[in-house]
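Here's the structure we're looking at; comments come further down.
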Amino acid sequence: MEPQEGAALIEQWREHLIQPRFYYRHKWSVGDLVYWDNQSTLDRREAFDGNVRRVLKRVSLAGSRPF
C-alpha cells in the first residue's frame, strides 16, 4: 500500500473508533477496580487533578501474546 493510501486508511479507522458510541467512561467511587485487555482495547484518559492520589497496578498473564 502506498504511504498516502495507508495514511488515509488510518484516518478512516481513527474517525470510526473515536465515535462516542464506543466509549466507556467510568464514574469512580472509592474501592473501584477497573481493568481491560490492552491487546484488544484502545484506552485514554482525560486530565486529572495531580493532587489526588492514584494507585495504578499492571498485571501481565504468563503466556499472553497479541493475536
Side-chain angles (χ1 to χ4, degrees):
M1 180 176 287
E2 294 295 321
Q4 285 181 319
E5 265 185 301
L9 182 58
I10 289 170
E11 185 57 32
Q12 287 177 346
W13 287 345
R14 223 177 244 140
E15 288 300 315
H16 178 74
L17 293 170
I18 64 172
Q19 296 176 65
R21 66 185 173 137
F22 298 125
Y23 290 6
Y24 171 75
R25 177 173 287 171
H26 189 76
K27 294 183 176 151
W28 291 96
S29 295
V30 173
D32 281 358
L33 172 70
V34 176
Y35 66 95
W36 59 91
D37 179 350
N38 272 340
Q39 294 179 359
S40 60
T41 304
L42 295 174
D43 60 89
R44 67 176 224 164
R45 67 162 178 83
E46 295 179 359
F48 59 89
D49 182 348
N51 296 314
V52 175
R53 182 173 182 256
R54 299 171 69 217
V55 177
L56 305 172
K57 303 280 185 177
R58 177 181 175 178
V59 175
S60 296
L61 303 176
S64 65
R65 57 189 163 124
F67 50 87

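Since the structure is predicted, the reported quantities are computational estimates derived from the model, not experimental observations.
Counting non-hydrogen atoms of other residues, nucleotides and ligands closer than 6.0 Å to CD of Q4 gives a total of 12 or fewer.
Looking at Y35, its side chain never comes within 3.5 Å of a backbone N or O of R58 through a donor-acceptor pair.
Across every non-hydrogen atom of D32 and K27, the tightest pair is OD2-O, 3.7 Å. Taking both residues in full, the closest heavy atoms of V34 and W28 are given as CG2-CH2, 3.5 Å, listed atom of the first, atom of the second, then distance.
Here the rule is side chain to side chain donor-acceptor pair (under 3.5 Å) with H16, and of R14, Q19, Q12 only Q19 fits it.
Interatomic distance, K57 NZ to L33 CG, rounded to the nearest 0.5 Å: 11.5 Å.
At a threshold of 4.5 Å between side-chain heavy atoms, the hydrophobic network of Ile, Leu, Val, Met, Phe, Trp and Tyr places I18 and Y24 in two separate groups.
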